[in-house]
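The figures that follow rest on heavy atoms only: side chains count, while hydrogens, waters and symmetry mates do not.
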Amino acid sequence: MFEKLTGKITDALRFVSGKSNITEKNIEDAVEAIKMALLDADVNLRVVRRFVNSTIEEAKGEKVLRAVNPGQQFIKIIHDKLVSFLGEDDPSSRALKLRGPDVISTILMLGLQGSGKTTSSAKLALRLKKEGRKPLLVACDLIRPAAMEQLAVLGGQIGIPVHKEDGAADSVKVYKNALDWAKQNMIDTMIIDTTGRLQIDEPMMQELSRLKEAANPDEMLLVADAMTGQSAADIAKTFNEKIGLTGVILSKFDSDTRGGAALSLKTVTGKPLKFTGTGEKPEDFEPFHPERIAGRILGMGDVVSLVEKAQEVIDQKEAVELQKKMEKENFTLDDWLNQIRSIKKMGSLQKMLEMIPGMQGQISEDDIDRAELKKQEAILSSMTLKERGNHLIIGPPRRSRIARGSGTSVAEVARLIKKFEKMRGMMKKMAKGAKSGGMPNIPGMKMPPGMF
């Protein structure tokens with residue numbers, strides 16, 4: 001995400017980066033280039049003007065022009081401005097305001113058709129379930145064909161109950177029936193998938209107003225499509241004025257290469273961006289962190305999110321044991337297979353690489369050889385546990401059997417084993433470097449060289 005914006009802002013910052021002295025002309029050139037980058041990213045024009053004016057005002061002060069390292073100071077100003085426009089890095093302002101377990105909390109999910117509202121409802125329910133709450137999904141989108149069935153299917157996939165009434169015509173009545181069921185079944189959070197239209201119209205707003213009055217929700221979350229750029233901010237502004245919002249969920253965030261919606265929403269609506277949808281799976285749903293996103297936009301990476309992703313799928317004890325194996329060159333083919341599978345659980349390899357400082361925009365999807373990764377997994381899976389534990393026993397007859405089992409050739413099996421032997425020595429150096437502070441030690445991120 002943000003590939004184009006990151007590239008253009010990085011180019012703009014070259015006007016001042018590394019300079020021991022910068023002038024007002026340097027600042028003006030850099031800010032002008034950043035302004036064009038933001039406009040190209042489809043950021044709201046009013047937001048761009050405010051960003052540019054506040055940046056120039058602060059950057060032209062003596063604090064920057066006379067700083068020990070004015071180039072770095074200017075970059076910090078840009079970073080802080082991005083954080084401010086994305087929504088301030090205050091977790092409490094973006095946390096859901098839900099009540100205790102003895103009182104049922106209600107969340108209204110709002111949005112136009114195609115924004116990802118129903119899918120986001122299920123993703124939010126799964127997240128709350130992991131946090132220890134007992135959510136209920138309520139199908140109150142009675143207009144869109146198959147909306148209720150889609151919610152039922154998603155609920156079944158993630159193990160969360162869904163209340164739906166086929167043939168229902170009144171969303172308020174559906175809500176009240178769902179509330180009665182929730183009280184009887186120890187539910188503490190109701191997530192209501194409301195009606196949607198292709199565009200905002202008065203009948204939709206009237207129905208949402210009735211539902212809001214009946215439910216008295218704790219949260220009113222708009223699901224906006226990140227791919228629509230500043231149009232998402234305009235839609236959010238209208239919903240906020242007519243219905244009232246407590247926050248925004250930005251769907252399809254992983255496909256938003258420009259960033260216009262994310263950079264416009266907070267300023268245009270005054271409401272925090274609380275979550276982002278980062279993929280198609282129910283687990284692809286993350287809290288929004290302005291500080292981290294600003295770092296990604298400036299090509300600084302997001303190591304914190306990378307570590308959090310690793311910790312979700314990698315057991316800390318296993319990671320420590322793996323490090324010890326690497327140090328002693330006891331890393332086996334079985335360990336390699338486990339690492340491949342763990343990394344696949346973490347999602348897109350390209351998204352992971354973009355979180356590493358300096359890697360944003362450096363590697364494209366085409367540079368990642370997914371076919372080779374699948375081939376390696378197939379070869380390793382075709383080996384016995386004994387063979388993966390000791391690759392030295394894999395002679396010609398075993399290689400032939402492994403090749404047949406994996407649909408590859410004997411030469412490809414031999415090449416993988418040769419790569420593994422070479423890799424073990426390199427990994428020993430990497431592990432020792434991490435231990436001595438020579439490189440960052442990210443738990444679980446022991447990616448073998450040449451893996452993709």
Could you tell me which residues satisfy salt bridge (charged side-chain N to carboxylate O under 4.0 Å, His left out) with [X], sequence neighbours excluded, listed by chain and number?
X: K81; result: E58
X: K123; result: none
X: R46; result: none
X: R50; result: none

*Return the set of residues passing ring pair (Phe, Tyr, Trp, His ring centres under 6.0 Å) with Y175 (not counting sequence neighbours), or none when no residue passes.*
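Checked Y175 against ring pair (Phe, Tyr, Trp, His ring centres under 6.0 Å); zero matches.
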
*Please identify each residue that fulfils ring pair (Phe, Tyr, Trp, His ring centres under 6.0 Å) with F239, with sequence neighbours left out.*
none

Just so I know, are the side chains of [X] and [Y] near enough to count as touching, which here means a heavy-atom distance under 4.5 Å?
X: L221; Y: L245; result: no
X: L108; Y: I243; result: no
X: L112; Y: I235; result: yes
X: T106; Y: N216; result: no
X: T189; Y: K134; result: no
X: P287; Y: R127; result: yes
X: L96; Y: D218; result: no
X: W181; Y: P161; result: yes

Out of curiosity, [X] [atom1] to [Y] [atom2], how far, rounded to the nearest 0.5 Å?
X: E372; Y: K375; atom1: CD; atom2: NZ; value: 5.0 Å
X: M186; Y: I104; atom1: CE; atom2: CD1; value: 10.0 Å
X: I249; Y: T119; atom1: CD1; atom2: OG1; value: 11.5 Å
X: I293; Y: L82; atom1: CD1; atom2: CG; value: 11.0 Å
X: S382; Y: E377; atom1: OG; atom2: CD; value: 10.5 Å
X: I158; Y: E283; atom1: CD1; atom2: CD; value: 9.0 Å

*Hey, is CD on E280 packed in by over 12 heavy atoms from elsewhere, all under 6.0 Å?*
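Incorrect, the count does not exceed 12.
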
Taking [X] for its side chain and [Y] for its backbone only, find out whether a donor-acceptor pair lies under 3.5 Å.
X: S105; Y: L98; answer: no
X: S115; Y: G111; answer: no
X: D141; Y: I143; answer: yes
X: D40; Y: M36; answer: no
X: T194; Y: M109; answer: yes
X: E387; Y: T384; answer: yes
X: K8; Y: L38; answer: no
X: R94; Y: P272; answer: no
X: S264; Y: A261; answer: no
X: E219; Y: K97; answer: yes

Ignoring hydrogens, what is the shortest heavy-atom contact between [X] and [Y]? Give both atom names and the distance.
X: L86; Y: P290; result: CD1-O, 3.6 Å
X: F285; Y: L124; result: CE2-CA, 3.8 Å
X: V174; Y: A139; result: CG1-O, 3.7 Å
X: L151; Y: S121; result: CD1-CB, 4.4 Å
X: A294; Y: V83; result: CB-CG2, 3.6 Å
X: V138; Y: M190; result: CG2-CE, 3.8 Å

*Let me see the working for K271 and L265 under side chain to side chain contact (heavy atoms under 4.5 Å, CB included), right down to the final yes or no.*
CA-CA 8 Å; K271 303 300 178 182; L265 273 165; over 6 Å; no

Residues in side-chain hydrogen bond (donor to acceptor under 3.5 Å, both in side chains) contact with [X], at least two apart in sequence or another chain:
X: R144; result: T118, Q150
X: K212; result: none
X: T267; result: none

*Step by step, would you call I191 with L136 a side chain to side chain contact (heavy atoms under 4.5 Å, CB included)?*
CA-CA 6 Å; I191 300 174; L136 168 69; over 6 Å; no

*Is a side-chain donor-acceptor pair under 3.5 Å present for D225 with T228?*
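Judged by distance alone, the side chains do not pair up.
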
*asked:* Hydrogens and angles aside, do E286 and T276 bring a side-chain donor and acceptor to less than 3.5 Å of each other?
replied: no

*asked:* Enumerate the salt bridge (Lys or Arg N to Asp or Glu O under 4.0 Å) contacts for residues 184-198, please, sequence neighbours excluded, ordered by first and then second residue.
replied: K117-D193, R133-D188, R197-D201

*asked:* Can you pull out every side-chain hydrogen bond (donor to acceptor under 3.5 Å, both in side chains) where at least one residue sits in residues 160-171? Sequence neighbours excluded, please.
replied: H163-E165, K164-D166, E165-N177, D170-R210, S171-E207

*May I have all residue pairs that pass side-chain hydrogen bond (donor to acceptor under 3.5 Å, both in side chains) and include part of residues 233-245, sequence neighbours excluded?*
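Matches after skipping sequence neighbours: K237-E241.
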
*Among L333, D334, T332, side chain to side chain contact (heavy atoms under 4.5 Å, CB included) partner for W336*: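 Filter result, single survivor: L333.
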
*Taking the six-membered ring for Trp, is the centroid-to-centroid distance between F275 and F288 below 6.0 Å?*
no

*side chain to side chain contact (heavy atoms under 4.5 Å, CB included) evaluation trace for L208 with M204*: CA-CA 6 Å; L208 292 176; M204 177 179 68; 4.0 Å; yes

*asked:* Regarding K76 and D80, does a basic nitrogen lie under 4.0 Å from an acidic carboxylate oxygen?
replied: yes

*Given side chain to side chain contact (heavy atoms under 4.5 Å, CB included), test V162 with L154 step by step and report yes or no.*
CA-CA 9 Å; V162 177; L154 290 169; over 6 Å; no

